[in-house]
Colleague: 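Dropping a structure here in structure tokens format, bear with me for questions.
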Number of protein chains: 2
Amino acid sequence: MRVGELSSLSGVPTPTIKYYLREGLLPPGERTSRNQAHYDDRHLRRLRLIRALLDVGGLSVAVARDVIAALDSPDTGTHKVLGAAQQTVIRTAAYCDDDAREDATAEVLDLVRRQGWKVTADSPSVAATAEVLGALRQLGLHEFVDRLDDYARAADAIAATDLDLVRRRPDADGMAEAVILGNILGDALLVALRRLAQVHHSAELFTDDRAPQADPHG
Amino acid sequence: MRVGELSSLSGVPTPTIKYYLREGLLPPGERTSRNQAHYDDRHLRRLRLIRALLDVGGLSVAVARDVIAALDSPDTGTHKVLGAAQQTVIRTAAYCDDDAREDATAEVLDLVRRQGWKVTADSPSVAATAEVLGALRQLGLHEFVDRLDDYARAADAIAATDLDLVRRRPDADGMAEAVILGNILGDALLVALRRLAQVHHSAELFTDDRAPQADPHG
DNA sequence: CACTTCCGATAGTGGGACTATCTATCATGG
DNA sequence: CCATGATAGATAGTCCCACTATCGGAAGTG
């Protein structure tokens, strides 16, 4: 197909497709002449991936490019792809200072040990977790930090399900995309589910020991 | 204190503080004359909250203003504040089409019933969850949707911990801020913990049935 | 052969989050 | 008491990002 058809099938305007081509998010089509190129359904799938990363995952174009590049690297083993997915954590700008970060890193490594997780100290996830932990500390949310293990247990259950899904999936063509998407959409899903469950627990808590409010948030 | 001191204590440049004042993120200081105003540590706390919402939570200034407005509303009961925290879910732009969304909404309500959650159908969390679910479906990640209950269970455990923290906290001055921050930083924390746990499970899985790779993602 | 579509390049747009400047005050220390 | 410097408020400018518009030349299409 040509770019016009790709545009109408995907719902992405032609100039935007050109922009993604320029930015290296979308691989170029197969050239048939000086000003003609053919695209196939791989381009369509890729385009959908891009939109999901940008719209639902909230990634920037630059980060999306990096994620996609990892996806396209020759050795796309599952483990490697999961490594690429790690990149998608980055939404915590540097917030806490260096001392706090260092303390927090030690604390995360402690947590890792307690949970029996096999993770090396220099993993980017450790840094990401430490960053958030530092922010929590610095803002005085100590109770939160005290319940870190509770949250870690939940995260462990989630990751177990994640990996179970990966394990069951045959190493098909779209597997790498599925892993990335599962992580990014999975994050959004978990946030939504958490709010949902909060509404329930909130209603439960406050209809017991406070004035019964009929309105569970709308 | 005056704005200069507020700036140096918070690390936020003076023009930016003025900008936040203009945008209604920060309440005006107590005027002492035509061109002088005094700020106190409430302003400092608020400023820290703002930066956390923007930097760590990734909220836009507009959304942050809404959240803060809810925080400042006269009846700042815990349940109400949690309602405001719901606002912070919004990062999933409209991605799936209307039909998919409708189906997904029904599916979410089913889930709510299965989990025994007390949530009304018109809660914003339901819509948010449905949006993500629709996106997952539309992208062909059906296995993911099939494990929805697993994720919901984890979310329930998380929310239970969340509410337990709220319950234990005396209704102090900073409680509302803590709830909001706990949600927003908590999201970031859980994403980070999930990645951390994934690294572990990934290592575990692939050192068993594949070529042993020494490198758990860096 | 008229007409549409395409490619590639370049330039422009609009929104968001600041950032700079300017004027008219006011504060303060010598 | 006055020079120096900070401040409030207003307005305008900047920078980045994600597009979007236009254009020239070339190729497909009925």
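Proteins come first, then strands; the chains are lettered A, B, ... in the order of their sequence lines, and each starts at number 1. Reckoned from all heavy atoms, side chains included, excluding hydrogens, waters and symmetry mates.
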Colleague: Can you confirm whether B/Leu148 sits close enough to A/Leu189 that some side-chain heavy atom of one is under 4.5 Å from a side-chain heavy atom of the other?
Modeller: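 Counting from C-beta outward, B/Leu148 and A/Leu189 do come under 4.5 Å.
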Colleague: Quickly work out the A/Leu59 CG to D/dC19 C1' distance and round it to whole Å.
Modeller: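 For the pair A/Leu59 CG and D/dC19 C1', the rounded distance is 17 Å.
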Colleague: Rounded to the Å, how far apart are B/Glu23 CD and D/dG9 P?
Modeller: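 For the pair B/Glu23 CD and D/dG9 P, the rounded distance is 15 Å.
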Colleague: Regarding B/Arg31, tell me which of base, sugar-phosphate or nothing describes its non-hydrogen contacts under 4.0 Å with the strands shown.
Modeller: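 Here B/Arg31 touches the backbone only, sparing every base.
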Colleague: Can you tell me how far C1' of D/dC17 sits from CZ of A/Arg65, to the nearest Å?
Modeller: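 Answer to the nearest Å: 12 Å.
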Colleague: Go through D/dC19, C/dA17, C/dC7 for me and flag the one nearest to the A/Lys18 side chain.
Modeller: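 Within the option list, the nearest is C/dC7.
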Colleague: Taking for each residue the nucleotide of DNA chain D bearing the nearest heavy atom, is the 5' side occupied by A/Ser33 or by B/Gln36?
Modeller: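 It is B/Gln36 whose nearest nucleotide is closer to the 5' end.
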Colleague: Decide yes or no on side chain to side chain contact (heavy atoms under 4.5 Å, CB included) for A/Met1 and A/His38, but give the supporting numbers first.
Modeller: CA-CA 5 Å; A/Met1 73 183 80; A/His38 283 163; over 6 Å; no
Colleague: Considering only side-chain heavy atoms of B/Leu54, which listed nucleotide, C/dC26, C/dA20, C/dC18, is closest?
Modeller: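 For B/Leu54, the side-chain atoms sit closest to C/dC18.
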Colleague: Which of these passes side-chain hydrogen bond (donor to acceptor under 3.5 Å, both in side chains) with A/Asp162: B/Arg195, B/His201, B/Arg194, B/Arg147?
Modeller: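 The single option meeting the side-chain hydrogen bond (donor to acceptor under 3.5 Å, both in side chains) with A/Asp162 is B/Arg194.
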Colleague: What is the minimum heavy-atom distance between B/Leu9 and B/Arg48, and which atoms define it?
Modeller: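 Between these two residues, the closest heavy atoms are O-NH1, 4.4 Å.
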Colleague: Using a cut-off of 4.0 Å on non-hydrogen atoms, how would the nucleic acid contact of B/Leu21 be classed: base, sugar-phosphate, or nothing?
Modeller: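 Contact class for B/Leu21: none.
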Colleague: Distance check needed: C/dA17 P versus B/Leu53 CG, whole Å only.
Modeller: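 Answer to the nearest Å: 13 Å.
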Colleague: Which is more 5' along DNA chain D, the nucleotide nearest A/Arg22 or the one nearest B/Gly4? Just name the residue.
Modeller: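 Its nearest nucleotide lies further toward 5', so the answer is B/Gly4.
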Colleague: For the pair made of CG in A/Leu26 and C1' in D/dA18, what is the distance, rounded to whole Å?
Modeller: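 In whole Å, D/dA18 C1' lies 16 Å from A/Leu26 CG.
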Colleague: Kindly say if A/Arg34 contacts the phosphate of C/dC7, meaning a side-chain N or O under 4.0 Å from OP1 or OP2.
Modeller: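 It does not, given that no N or O in the side chain of A/Arg34 lies less than 4.0 Å from OP1 or OP2 of C/dC7.
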Colleague: Taking only the side-chain heavy atoms of A/Arg2 (C-beta and beyond), determine which of D/dA26, C/dC6, C/dT19 contains the nearest atom.
Modeller: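 Within the option list, the nearest is C/dC6.
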Colleague: Start at the 5' end of DNA chain C and walk down; is the nucleotide closest to A/Ala37 or to B/Thr16 reached first?
Modeller: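 Going by which nucleotide is closer to the 5' end, it is A/Ala37.
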Colleague: From C/dC7, D/dT20, C/dC18, pick the nucleotide closest to the side chain of A/Asn35?
Modeller: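 Side chain of A/Asn35 sits closest to C/dC7.
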Colleague: Of B/Arg51 and B/Thr32, whose closest DNA chain C nucleotide lies nearer the 5' terminus?
Modeller: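 Per heavy-atom nearest nucleotide, the more 5' residue is B/Arg51.
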Colleague: Is there a side-chain polar atom (N or O) of A/Tyr19 under 4.0 Å from OP1 or OP2 of C/dA9?
Modeller: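 Checking A/Tyr19 against C/dA9: no side-chain N or O falls below 4.0 Å of OP1 or OP2.
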Colleague: Looking for any heavy atom pair under 4.0 Å, which part of the strands does A/Thr14 touch: base, sugar-phosphate only, or nothing?
Modeller: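 Nothing: the residue A/Thr14, judged by heavy atoms under 4.0 Å, touches no strand.
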Colleague: Using atom CD of B/Glu5 as one end and atom C1' of D/dT7 as the other, report the distance to the nearest whole Å.
Modeller: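 Spelled out: CD on B/Glu5 to C1' on D/dT7 is 14 Å.
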Colleague: Salt-bridge test for B/Asp146 and A/Arg168: reply yes if a basic N is under 4.0 Å from a carboxylate O, no otherwise.
Modeller: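 No, no charged N to carboxylate O under 4.0 Å.
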Colleague: Is it the case that over 12 heavy atoms from other parts of the model lie below 6.0 angstrom from the CD atom of B/Glu30?
Modeller: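 No.
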Colleague: In whole angstroms, how far is the C1' atom of C/dC18 from the CG atom of B/Asp55?
Modeller: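 Distance check: B/Asp55 CG to C/dC18 C1' gives 13 Å.
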Colleague: Rounding to an integer number of Å, can you tell me how far A/Met1 CE sits from C/dC7 P?
Modeller: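 Value for this atom pair: 13 Å.
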Colleague: Looking at the side chain of A/Tyr20, which of D/dC19, C/dC6, D/dA26 is the nearest nucleotide?
Modeller: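 Of all the options, the side chain of A/Tyr20 is nearest to D/dC19.
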